[in-house]
Amino acid sequence: MSRLRACLLVPLFAASVAHAAPVCKPGQPVDESGFVKIGGIEQWVTVSGDDCANPVLLYVHGGPGNPTSPYGAGPYASWRKHVTLAQWDQRGSGMTWGRNRPDEDVPLSVEQIRDDGLEVTRYLAQRFGKRKVILLGSSWGSMVGVHMAKQSPQLFCAYVGVSQLVGHRENMTTWGTVLERARAAGDAATVAQLEALGPPPWTNPRNFGVVRRAVRKYEAQTTDPTPKAWYQVLPRYATPQAQADYTAGEDYSFLKYVGWKGDGMESTTDLYRLGTRYALPVYVVQGKEDLLTEPQVTRRWFEAITAPDKALVEVARAGHDPNQPLVDAQQQVLAERLHWRCD
């Protein structure tokens with residue numbers, strides 16, 4: 001552990017949210033990770049950047065149960081010169097699951113994860129002496145992110161949604177779209193698999209996995225591949241225990257998401273029910289080839305909302321999962337709309 005890391009790790013992660021004191025000298029790099037008391041349990045938070053005086057950007061990961069902390073800054077490594085990137089392993093996933101292993105019957109809800117995220121946000125703002133942070137949520141993280149932005153808009157200078165989920169009913173279109181693609185391609189095997197499932201809603205959690213594999217298959221035909229370098233697992237996350245915890249947390253979170261009878265927290269999601277008026281800027285970056293959160297579904301929601309400033313960027317050669325065009329579009333939004341600032 002470097003001297004800088006040793007000095008900063010204690011004040012960042014040994015204190016509770018309520019007692020964290022700002023520790024930041026302009027020009028000082030940040031590269032830290034550890035547990036923070038959030039929502040009554042210890043949750044894993046990582047922070048990295050070239051200058052701790054930069055704006056803080058909180059990345060809310062997808063899945064649920066798929067934290068991106070094992071890959072460091074990953075796709076956002078070049079952003080370190082502009083922002084301090086904070087990542088958090090949500091309740092029930094990754095390192096947080098490893099520290100707090102809930103029984104299968106312990107419930108998990110969007111609202112619970114939302115409240116955890118808001119507590120993480122307050123912690124980061126106090127830790128780095130900021131009034132607000134930038135909020136970016138991707139896929140499942142975009143559902144959590146919108147809930148956070150609606151609940152406490154004063155904590156954020158903007159919300160950026162990537163591969164934006166809209167809701168249980170609205171995003172049911174995936175099955176039919178992928179089935180249509182498979183039929184047009186003469187892909188008898190995929191057609192048979194999807195027809196065997198029938199249209200949603202489903203009561204078998206495995207059905208989601210079948211559709212997800214078909215989505216990836218057809219998105220790969222019209223999108224640029226994800227650079228492998230983005231997802232090199234860092235050594236501390238590559239141990240057998242860390243890998244086992246990641247997988248177990250992913251299983252737990254996914255089952256809580258879909259439920260055993262289609263009654264998981266996914267069945268409760270509906271952004272329209274939250275209301276369409278937003279008190280902060282809202283920017284959405286959407287792959288044109290996204291078959292999981294389809295562009296027309298996201299566009300309808302975006303057109304229905306009002307915000308002090310808003311923009312929808314639809315990205316060619318991009319699907320649901322991160323790739324270079326999708327990340328470049330996010331960077332363009334931050335540069336042109338926020339000028340890499342969070343006042």
Side-chain angles (χ1 to χ4, degrees), residues 12 15-22 36-47 54-62 64 67 83-93 96 108-162 164-167 265 268-285 301-302 304-311 330 333-334 337-338 341-343:
L12 176 56
S16 69
V17 172
H19 299 97
V36 181
K37 192 72 171 291
I38 298 292
I41 64 173
E42 290 187 316
Q43 302 199 34
W44 186 254
V45 177
T46 68
V47 186
N54 281 336
V56 174
L57 185 149
L58 174 59
Y59 177 85
V60 186
H61 70 72
V83 297
T84 297
L85 176 67
Q87 300 183 80
W88 143 64
D89 290 17
Q90 295 165 22
R91 182 183 295 263
S93 67
T96 299
L108 191 65
S109 69
V110 181
E111 292 76 17
Q112 188 178 37
I113 298 174
R114 172 203 67 194
D115 290 346
D116 288 346
L118 293 174
E119 196 167 342
V120 171
T121 302
R122 294 186 186 97
Y123 177 81
L124 293 167
Q126 185 174 3
R127 159 71 177 88
F128 291 101
K130 307 296 185 184
R131 290 194 313 111
K132 299 181 180 184
V133 307
I134 302 168
L135 178 63
L136 190 153
S138 178
S139 189
W140 160 252
S142 71
M143 178 60 65
V144 176
V146 169
H147 277 74
M148 291 169 62
K150 279 294 276 184
Q151 184 73 12
S152 298
Q154 74 279 4
L155 296 178
F156 308 106
C157 53
Y159 166 69
V160 182
V162 183
Q164 180 69 53
L165 276 169
V166 174
M265 56 184 176
T268 71
T269 58
D270 181 359
L271 294 189
Y272 289 103
R273 193 172 60 208
L274 298 181
T276 56
R277 186 178 298 276
Y278 287 79
L280 78 173
V282 175
Y283 308 119
V284 178
V285 179
W301 171 78
F302 176 82
I305 69 170
T306 60
D309 188 36
K310 69 175 192 173
Q330 295 167 57
V333 164
L334 292 170
R337 292 285 178 163
L338 296 182
R341 294 168 55 188
C342 187
D343 300 324

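Any value given below was found using the heavy atoms of this structure, including those in side chains, with hydrogens, waters and symmetry copies removed. Note that the numbering runs from 1 along the sequence shown for the chain.
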Taking [X] for the side chain and [Y] for the main chain, is one N or O donor matched with an acceptor at less than 3.5 Å?
| X | Y | value |
| --- | --- | --- |
| K130 | N54 | yes |
| T121 | G117 | yes |
| Q43 | I38 | yes |
| K132 | V56 | no |
| S109 | Q112 | yes |
| S138 | H61 | no |
| S142 | G137 | no |

Please report the interatomic distance [atom1]([X]) to [atom2]([Y]), rounded to the nearest 0.5 Å.
| X | Y | atom1 | atom2 | value |
| --- | --- | --- | --- | --- |
| D343 | R131 | CG | CZ | 7.5 Å |
| T46 | D89 | OG1 | CG | 7.5 Å |
| R114 | M148 | CZ | CE | 10.0 Å |
| W44 | S93 | CH2 | OG | 13.0 Å |
| R277 | T306 | CZ | OG1 | 4.0 Å |

Quick one: do Q164 and W301 satisfy side chain to side chain donor-acceptor pair (under 3.5 Å)? Show the steps, please. CA-CA 10 Å; Q164 180 69 53; W301 171 78; over 6 Å; no
Going by side-chain contact (heavy atoms from CB on, under 4.5 Å), L155 matches just one of V133, L118, L280. Which one?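 Considering V133, L118, L280, a side-chain contact (heavy atoms from CB on, under 4.5 Å) with L155 is found only for L118.
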So which of L135, L334, T84 actually passes side-chain contact (heavy atoms from CB on, under 4.5 Å) with L57?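 Testing each of L135, L334, T84 against L57, the sole residue satisfying side-chain contact (heavy atoms from CB on, under 4.5 Å) is L334.
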Tell me, do E42 and T96 make a side-chain contact under 4.5 Å, heavy atoms counted?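 Answer no - side chains too far apart.
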Do Q87 and V45 come within less than 4.5 Å of each other through their side chains, counting heavy atoms only?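 The answer is no; the side chains never approach within 4.5 Å.
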Would K310 pass as a cation-pi partner of Y278, given that its NZ or CZ must be under 6.0 Å from the six-membered ring centre and within 45 degrees of the axis?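 No, K310 does not sit over the ring of Y278.
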Give a yes-or-no answer on whether the side chains of Q90 and D116 include a donor-acceptor pair shorter than 3.5 Å.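 No - no donor-acceptor pair under 3.5 Å links their side chains.
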Which atom names give the shortest non-hydrogen contact between A304 and Y272, and what distance separates them?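 Smallest interatomic distance, heavy atoms only, reads CB-CE2, 4.1 Å.
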Please give me the minimum heavy-atom distance between G39 and E119, naming the atom from each residue.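 Minimum heavy-atom separation between G39 and E119: N-OE1, 3.0 Å.
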List the residues meeting ring pair (Phe, Tyr, Trp, His ring centres under 6.0 Å) with Y159, not counting sequence neighbours, and say none if there are none.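 Checked Y159 against ring pair (Phe, Tyr, Trp, His ring centres under 6.0 Å); zero matches.
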